Amino acid sequence: MRSGKTAFNYSDAHDDIIYIMSEDVTQLLIGDRLSVSVLQVFMLNHWILLVLSLANRVVHVFDSNKSGVHQFAIRLIMNKAFKNIQIGKGAHRNNQSLEWRSEKCSQQIGATECGFYVMRNMFEIVQYHSESENLTRDFATKSMAYSEEEINDVRDIWADYFGVEITSL
């Protein structure tokens, strides 16, 4: 449904250019803020969860639809921002790269469930693996699709969370 109003500055299918500045990614990496431009990249087509482990210099990629090769528009700029942050901290030039790991995760059956898979993976990582030093090892999830009940659980968990957060404002 189109209302004529913009959401996250992305109002129309004709708006196919998104500008992500290095400072947007830098702010994300240092935990200061998440910009609208970064959100837009993930909202356009298929949702993929990226978990940054800065201490280990790893980006864990949780993709519930591995049927095709996905190019990450944000990958180059995240690597550049990470290198700039490390150089600013006095690190040597050869120690500034991020490793991108494709993680095993549940695979969606349809074409529209990716947002639920991202939310389910986020929930499980935060709930059970927030102290993990090796997410690849510790996040051992099934590779089958989530059941309808598991997807409904995600809907309920997030609805409850946002209901509490919104009513407490």
Side-chain angles (χ1 to χ4, degrees), residues 1-3 5-13 15-16 18 20 24-25 28-29 31 33-79 98-169:
M1 179 171 95
R2 290 191 185 176
S3 66
K5 295 182 179 179
T6 61
F8 297 107
N9 294 327
Y10 189 79
S11 61
D12 195 299
D15 291 339
D16 58 355
I18 298 172
I20 298 178
D24 293 328
V25 177
L28 173 68
L29 290 172
R33 68 179 167 90
L34 177 61
S35 76
V36 170
S37 297
V38 172
L39 282 173
Q40 284 177 307
V41 170
F42 296 104
M43 291 174 50
L44 291 178
N45 295 310
H46 174 65
W47 290 28
I48 297 171
L49 177 61
L50 302 178
V51 178
L52 302 171
S53 175
L54 294 178
N56 297 323
R57 297 184 171 138
V58 174
V59 178
H60 301 275
V61 180
F62 293 89
D63 185 355
S64 62
N65 183 6
K66 294 185 181 174
S67 62
V69 176
H70 300 287
Q71 296 296 322
F72 303 116
I74 199 169
R75 186 175 181 158
L76 179 63
I77 199 153
M78 282 183 70
N79 285 333
L98 288 169
E99 177 185 350
W100 290 70
R101 292 185 190 161
S102 182
E103 302 294 355
K104 183 179 178 183
C105 62
S106 295
Q107 298 296 290
Q108 67 190 66
I109 295 172
T112 60
E113 304 96 341
C114 57
F116 293 109
Y117 280 73
V118 166
M119 291 188 294
R120 179 78 187 203
N121 288 331
M122 284 176 15
F123 172 77
E124 290 180 6
I125 290 168
V126 170
Q127 187 72 22
Y128 305 113
H129 307 292
S130 62
E131 301 295 322
S132 174
E133 293 183 17
N134 186 338
L135 197 54
T136 302
R137 178 195 66 219
D138 295 340
F139 189 81
T141 188
K142 63 184 183 176
S143 59
M144 308 179 333
Y146 286 125
S147 68
E148 188 173 334
E149 181 179 337
E150 289 171 308
I151 289 177
N152 287 335
D153 287 344
V154 170
R155 288 181 177 133
D156 293 342
I157 290 166
W158 284 97
D160 290 345
Y161 172 77
F162 285 113
V164 168
E165 290 300 313
I166 290 171
T167 58
S168 67
L169 293 177

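This structure is a prediction, so every number in the text was calculated from the model and none was measured. Heavy-atom basis, side chains included; hydrogens, waters and symmetry copies ignored.
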side-chain hydrogen bond (donor to acceptor under 3.5 Å, both in side chains) against Asp153, all qualifying residues, sequence neighbours excluded
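Asp153: no side-chain hydrogen bond (donor to acceptor under 3.5 Å, both in side chains) contacts found.
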side-chain hydrogen bond (donor to acceptor under 3.5 Å, both in side chains) filter on Asp138, not counting sequence neighbours, yields Ser132
Contact summary for Cys105 and Asp63, nearest pair of heavy atoms:
SG-O, 3.4 Å
Over all atoms of both residues, closest heavy-atom pair of His129 and Glu124:
CD2-O, 3.5 Å
Short question: side chain of Ser106, backbone of Met144 - any donor-acceptor pair under 3.5 Å?
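Yes; at least one donor-acceptor contact below 3.5 Å.
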Taking Asn65 for its side chain and Gln108 for its backbone only, find out whether a donor-acceptor pair lies under 3.5 Å.
no
Among residues at least two apart in sequence or on other chains, which ones pass side-chain contact (heavy atoms from CB on, under 4.5 Å) with Leu54?
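With neighbours one apart ignored, the set is Leu29, Phe82.
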Side-chain heavy atoms of [X] within contact of [Y], under 4.5 Å:
X      : Y      : value
Ser53  : Glu133 : no
Ile125 : Leu49  : yes
Trp100 : Met78  : yes
Arg120 : Ile151 : no

Parallel, tilted or perpendicular: ring planes of Tyr161 versus Trp158, cut at 30 and 60 degrees:
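Answer is perpendicular, since the angle exceeds 60°.
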To the nearest 0.5 Å, tell me how far Asn56 CG sits from Leu98 CG.
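Atom-to-atom, Asn56:CG and Leu98:CG are 11.0 Å apart.
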Residues passing the salt bridge (Lys or Arg N to Asp or Glu O under 4.0 Å) test with Glu99, sequence neighbours excluded, are Arg101
For Gln127, is the CD atom crowded, meaning more than 12 foreign heavy atoms sit under 6.0 Å from it?
yes
Please set out all donor-acceptor pairs under 3.5 angstrom arising from side-chain atoms of residues 111-119, sequence neighbours excluded.
from	atom 1	to	atom 2	distance (Å)
Glu113	OE1	Gly110	N	3.2
Glu113	OE2	Gly110	N	3.3
Tyr117	OH	Tyr146	N	2.8

